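Owing to the predicted nature of the structure, the values given are computational and were not obtained by experimental measurement. The analysis underlying the following values was restricted to heavy atoms, covering all of them including side chains, and did not include hydrogens, waters or symmetry mates. A, B, ... follow the sequence lines: proteins, then strands. Residue 1 opens every chain.
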Amino acid sequence: MDASPSAPAATRPGRAAPRAAAPAGPPRPALEAPTEPVVPDRPSLDGLEDTWAARWDADGLYRFDRSAERAHVYSVDTPPPTVSGSLHVGHVFSFTHTDTVARYRRMRGYAVFYPMGWDDNGLATERRVQNFFGVRCDPSVRADPDFAPPESPPKDPVPVSRPDFVQLCHRLTAEDERAFEATWRHLGLSVDWSLMYTTVSDEARRISQRGFLRLLAQGHTYLAEAPTQWDIDFQTAVSQAEMEDREISGAYHRLRFGRDGHEALEIETTRPELLPACVAVVAHPDDARYAPLFGTSVTTPLFSVRVPVLAHPLADPDKGSGVAMVCTFGDVTDVTWWRELQLPTRTLVGRNGRLHPVAWGDPGWESDDAAGARAAYGELEGRSVTQARKRIVELLAEAGALVGEPRTITHPVKFYERGERPLEIVSSRQWYVRTMPLRPRLLERGRELRWHPPHMVHRYESWVEGLNGDWNISRQRFFGVPFPVWYPVDGEGEVDYERPLVPVEARLPVDPSDDVPDGYRQDQRGIPGGFVGDPDVMDTWATSSLTPQIAGRWEDDPDLFGRVFPMDLRPQSHEIIRTWLFSTVVRSELEHGVLPWSDVAISGWVLDPDRKKMSKSKGNVVTPMALLEQHGTDAVRYWAACGRPGVDTAFDEAQMKVGRRLAIKVLNASKFALGRLAGAPIPDAGAVVAPLDLAMLSGLAAVVEDATSAFEAYDYARALERTETFFWSFCDDYLELVKTRAYEDSFAPGPVSARAALAVALSVQLRLLAPFVPFVTEEVWSWWHEGSIHRAPWPGVDELSPAQHQGDVAVLDMVASVLGAVRKAKADAQVSMRAPVATLSVLDSPERLALLRQAEPDLCDAGGVAELVLREGAPEVIVDLA
RNA sequence: GGGCGUUUAGCUCAGUUGGUUAGAGCAGCUGGCUUACAACCAGCAGGUCGGGGGUUCGAGUCCCUCAGCGCCCACCA
């Protein structure tokens with residue numbers, strides 16, 4: 001509701017009581033007096049984007065006022081788009097939603113902190129750089145001071161050094177970012193470009209590294225050698241949040257395990273190639289079939305390795321034969337069994353996805369037939385997982401250890417979301433953030449957040465509840481934020497991972513592959529008694545989880561940070577709740593002990609007309625700039641703003657055409673209204689006395705209240721819908737009804753009332769529409785105001801006084817319905833709407849006729865009615881055309 | 001397997017605590033150059049509100065159940 005202290009909390013019969021006192025907001029901006037209207041002869045939408053975007057920039061219109069106190073600040077944790085190509089229509093959609101909210105808050109008087117960031121850190125960028133230039137990062141290549149990328153991408157990628165590769169990343173992202181910014185300006189996003197940040201900048205790297213060091217100092221992060229989900233193509237570890245299931249085809253292979261003096265034990269597996277890595281077989285503790293075997297051992301075929309038969313509740317009696325073989329590591333269940341049953345480790349698959357050499361017969365690789373195992377493994381070693389699978393099936397069949405034919409199935413397998421081959425689990429050393437102990441707290445925090453729409457909280461909760469391990473933040477990649485850590489090398493040349501060397505915060509950002517830890521010299525790198533730098537970079541989310549801190553310049557500018565953090569709004573799409581939203585909550589909780597924002601607004605996806613998510617791979621992506629130029633920005637924004645919060649919305653050019661019509665209507669209706677106001681001082685709302693005018697303003701007051709409460713609830717779409725509906729009936733009915741009276745060259749109360757009502761109604765409606773169609777409303781506002789509409793106050797019902805106390809909406813409704821009957825009669829008679837009506841007879845109740853009497857002349861003028869007869873009777877309208 | 005959302009006119013969608021004959025836009029059809037707007041205006045037609053059951057004086061709205069579609073999560077041998 002209106003926060004202005006001058007706004008009377010008036011209650012009227014039949015209207016809901018004012019809502020509970022709004023939280024202390026900023027003072028309402030003053031509404032400047034209009035100037036003499038100057039209306040173009042032929043108003044047009046063409047070129048408005050360029051004109052006004054340049055003007056807003058020159059005027060610093062959206063500059064954040066950093067002197068504002070926290071209670072008067074509205075801060076937005078804008079999602080930084082990934083710089084790996086181009087923006088798409090989904091960005092336009094969701095960023096428009098946020099922009100309408102930011103514009104609303106600004107008009108409410110808030111100092112809006114609305115930055116833009118570019119996420120140019122990470123694998124997506126590496127991939128784009130590789131393809132764009134035709135290069136491949138090879139850390140073993142030495143940096144070339146005269147390095148230049150190939151003129152055009154060659155067939156075979158050119159290996160380049162890590163520093164040169166990173167330079168190319170910077171170069172390409174900088175180009176992309178310029179194009180992105182141009183698109184956003186054309187879209188009219190009201191961001192403060194002086195707050196722009198990138199996730200690979202020195203500032204972002206400093207904050208990211210500082211955040212890591214704080215986690216380390218407080219024991220929230222640790223280094224561990226452990227089974228790790230590994231992408232064999234990208235050659236990097238992957239966290240749970242970056243994994244997805246894909247249904248692929250596989251096959252059950254039934255294998256025969258030897259038992260001394262007994263019939264063979266049959267087990268089924270989809271990964272027979274991991275048989276050499278088998279460390280146990282398990283069955284369910286309650287499975288009577290296998291209970292006698294618990295505690296005994298069986299022997300693997302081909303490799304003759306004795307493995308124990310163990311009981312574990314995760315074994316499913318209904319799956320396969322009810323016995324599973326445990327390998328290190330075939331899947332995450334193997335990891336669980338390995339950990340909980342304290343099984344030995346026999347790793348097979350290397351980081352390149354091939355089976356590495358194994359010392360059969362040595363400790364850890366004992367076999368009853370080491371020579372046989374060596375021979376069998378010789379057929380597999382060096383092969384890829386799929387090749388090895390094919391070969392071992394042949395070997396098993398030859399050995400008579402394969403029962404029947406493999407049964408083809410389709411089953412879900414874990415993939416890296418960007419990857420092309422199934423993830424393998426390898427043992428590796430990684431940095432982890434302790435999220436598991438935090439889960440109950442994180443669930444509480446999730447419930448404290450205000451979610452828009454509310455049901456999105458379920459996605460967060462199911463994610464947190466389903467976490468199965470701490471957050472792995474190490475990535476074995478090149479273009480990212482390095483870990484600010486070195487390790488001492490002892491006299492034997494062994495790296496001591498237990499005592500990492502860290503820099504003081506004042507040194508950040510550092511690159512440990514280039515910089516030297518305090519107390520060491522560069523020539524001690526990699527030698528006994530010296531040091532080595534941590535070779536990895538952080539997970540992209542380890543940096544992106546700090547966007548509130550980066551945008552708010554945490555520690556670098558404490559005054560600013562104190563005014564914007566915790567932030568008010570996190571806008572984002574639902575697909576990254578488990579990554580960006582979750583990780584941001586984690587970091588804020590660990591570092592600051594608070595939620596990073598009070599509200600989160602989740603936008604839906606843009607679907608193509610076939611109801612599929614729009615994506616590049618389907619080739620159905622329309623570039624935003626082309627769209628904006630074709631339909632006009634306001635039209636595209638209108639389409640976007642019609643998409644309900646959190647609801648997937650069809651890409652619909654027809655809806656953009658509707659938006660364009662609305663924008664044109666705003667021009668034309670304004671031209672009409674303001675044309676009547678030229679040449680004399682514009683009367684204010686106090687001059688509105690005609691019942692029809694008061695009725696219209698009363699209706700508008702209800703729209704203002706509705707639009708305001710909708711925006712407060714982040715339902716921009718409802719605010720637009722209510723405003724738009726009113727605006728069209730305002731044009732179709734009210735403007736037609738008052739046209740004649742407003743044209744009258746007179747200062748009698750009637751004509752003055754009409755002109756005052758037009759001025760007030762236009763002013764209020766333009767401001768209600770400004771967050772949605774910022775260009776056309778600014779254009780029209782400029783015809784009769786000095787300043788920008790986007791710094792004008794959001795309308796309050798007090799502006800429509802005294803109308804809200806005296807108006808009766810029923811007057812306008814009644815008159816409009818009779819006018820509608822007149823129009824229908826003319827349409828039925830196939831005559832012009834201008835055709836005269838000799839006699840218009842209205843039969844109705846005395847009460848309704850009384851409503852009509854209050855606007856008799858307006859009705860007759862609008863309908864071309866010569867004689868109006870009002871009679872009591874059963875409701876009927878008789879139109880007697882001349 | 002668990003969960004969330006969704007299903008209203010040919011299409012895209014409103015429908016806020018249950019309350020007259022269920023609304024809008026687009027597309028369609030019929031007319032109209034009307035000094036704000038022909039990039040316009042007026043009018044018409046079009047729906048057993050996914051199926052079934054229940055609560056109620058009254059259900060698109062609340063409850064149960066089934067189905068379709070979409071998504072999220074899951075230990076996937």
Could you say whether A/Y460 or A/S832 is positioned toward the 5' end of RNA chain B, judged by the nucleotide with the nearest heavy atom to each?
A/S832

Answer whether the closest heavy-atom distance between the side chains of A/L449 and A/V457 falls below 4.5 Å.
no

If you assign each of A/S670 and A/R578 to its closest nucleotide in RNA chain B, which residue comes earlier from the 5' end?
A/S670

Between B/rU35 and B/rC41, how many Å separate the two C1' atoms, rounded to a whole number?
15 Å

For A/K319 and B/rA77, is the shortest distance between a side-chain N/O and OP1 or OP2 below 4.0 Å?
yes

With the threshold set at 4.0 Å, does a side-chain nitrogen-carboxylate oxygen contact exist between A/D733 and A/R823?
yes

side-chain N/O A/R823 vs B/rG32 OP1/OP2, d < 4.0 Å:
no

With a 4.0 Å cutoff (strictly under), does any side-chain N or O of A/Q240 reach OP1 or OP2 of B/rC73?
no

Looking only at side-chain atoms of A/W728, point me to the closest of B/rA77, B/rC41, B/rA74.
B/rC41

Whole angstrom value for the distance that separates P of B/rC40 from CZ of A/R834
21 Å

The nucleotide from B/rU16, B/rC41, B/rA77 with an atom nearest the side chain of A/R718 is B/rU16

If the cut-off is 4.0 Å, is A/N668 near the phosphate of B/rC40, judged by side-chain N/O to OP1 or OP2?
no

Under 4.0 Å, heavy atoms only, any strand: does A/D334 hit a base, just the sugar-phosphate, or nothing?
nothing

Separation of B/rG31 atom P from A/L881 atom CG, nearest Å, is 17 Å

Expressed as a whole number of angstroms, how long is the span from A/W639:CH2 to B/rA24:P?
25 Å

Any sub-3.5 Å donor-acceptor pair from A/Y290's side-chain atoms to A/L310's backbone N or O?
no

Is A/H458 close enough to B/rC73 that one of its side-chain N or O atoms is under 4.0 Å from OP1 or OP2 there?
no

Determine whether the aromatic ring centres of residues A/W639 and A/F93 are separated by less than 6.0 angstrom.
yes

Checking base pairs now: Watson-Crick or wobble, both atom distances under 3.5 Å. What partners B/rG43?
B/rC29

Measure the distance from CD on A/E465 to C1' on B/rG2 and round it to the nearest whole Å.
11 Å

Does A/R459 put a side-chain nitrogen or oxygen below 4.0 Å from OP1 or OP2 of B/rC71?
no

Closest to the A/T333 side chain: B/rA42, B/rC73, B/rC75?
B/rC75

Using the C1' atom as the point on both nucleotides, what is the distance between B/rA22 and B/rG15, in whole Å?
8 Å

Identify whether the distance between the nearest side-chain nitrogen and carboxylate oxygen of A/R741 and A/E744 falls below 4.0 Å.
no

Could you tell me if the side chain of A/P301 sits less than 4.5 Å from the side chain of A/F257, heavy atoms only?
yes

Could you tell me which nucleotide pairs with B/rC13 by Watson-Crick or G-U wobble geometry, both distances under 3.5 Å, or answer none if nothing does?
B/rG23

A/R271/A/E424 ion pair, N-O < 4.0 Å
yes

What's the CZ-C1' distance between A/F711 and B/rU16, to the nearest Å?
17 Å

Report the nucleotide, chosen from B/rU34, B/rA74, B/rA77, that has the shortest atom-to-atom distance to any side-chain atom of A/A315.
B/rA77

Considering only B/rC37, B/rC73, B/rA77, which nucleotide approaches the side chain of A/H411 most closely?
B/rA77

In whole Å, measure the gap between the C1' atoms of B/rA45 and B/rC26 for me.
15 Å

Taking B/rA67 as the reference, what is the distance to B/rG52 when you measure between their C1' atoms (whole Å, please)?
11 Å

Could you check whether A/V658 gets within reach of a base, just the sugar-phosphate, or nothing at all, counting any heavy atom under 4.0 Å?
sugar-phosphate

Salt-bridge test for A/K319 and A/E268: reply yes if a basic N is under 4.0 Å from a carboxylate O, no otherwise.
no

So, OP1 or OP2 of B/rC41: does either fall under 4.0 Å of a side-chain N or O from A/R661?
yes

Report which part of the nucleic acid A/T270 touches: base, sugar-phosphate, or nothing (heavy-atom distance under 4.0 Å, all strands).
sugar-phosphate

Candidates B/rC26, B/rU12, B/rA77 - which lies nearest the side chain of A/A650:
B/rU12

Applying a 4.0 Å non-hydrogen cut-off, can you work out what A/D732 is touching in the nucleic acid: base, sugar-phosphate, or nothing?
sugar-phosphate

If I pick the C1' atom on B/rA27 and the same atom on B/rC13, what distance separates them, to the nearest angstrom?
14 Å

Looking only at side-chain atoms of A/Q830, point me to the closest of B/rU12, B/rU30, B/rC72.
B/rU30

Whole angstrom is fine here: how far is it from CG in A/L735 over to P in B/rC40?
16 Å

Within this structure, what is the CZ-to-P distance between A/R389 and B/rA77, rounded to whole angstrom?
12 Å

Give one of base, sugar-phosphate or nothing for A/K739, where a contact means two heavy atoms less than 4.0 Å apart.
base

Of the candidate nucleotides B/rG43, B/rA14, B/rC4, which contains the atom at the shortest distance from the side chain of A/D828?
B/rG43

Using the side-chain heavy atoms of A/M833, tell me which of these nucleotides is nearest: B/rC72, B/rA77, B/rU34.
B/rU34

Applying side-chain contact (heavy atoms from CB on, under 4.5 Å) between A/D634 and each of A/T777, A/V773, A/L628, report the one that passes.
A/V773

Under 4.0 Å from OP1 or OP2 of B/rG31: is there any side-chain N or O of A/K824 that close?
no

Mind checking A/C731 for me? I need base, sugar-phosphate or nothing, with any heavy atom below 4.0 Å counting as a touch.
base

Just one of A/N668, A/L662, A/V666 clears the side-chain contact (heavy atoms from CB on, under 4.5 Å) bar with A/I664, so which one?
A/N668

Residue A/A827, side-chain heavy atoms: nucleotide from B/rA42, B/rG70, B/rC72 that is nearest:
B/rA42

Taking pairing as Watson-Crick or G-U wobble with both contacts under 3.5 Å, can you name the mate of B/rG1, or confirm there isn't one?
B/rC73

In whole Å, what separates the C1' atom of B/rG43 from that of B/rG5?
39 Å

Which part of the nucleic acid, if any, lies within reach of A/G466 when heavy atoms closer than 4.0 Å are counted: base, sugar-phosphate only, or nothing?
sugar-phosphate

Could you identify the nucleotide paired to B/rU55, looking across every strand shown and requiring Watson-Crick or G-U wobble geometry with both distances under 3.5 Å?
none

Atom P, compared across B/rC66 and B/rG28: separation rounded to whole Å:
43 Å

Rounded to whole angstrom units, what separation is found between the CG atom of A/L674 and the P atom of B/rU35?
20 Å

Nearest-Å distance once atom P is located in both B/rG60 and B/rG23:
13 Å

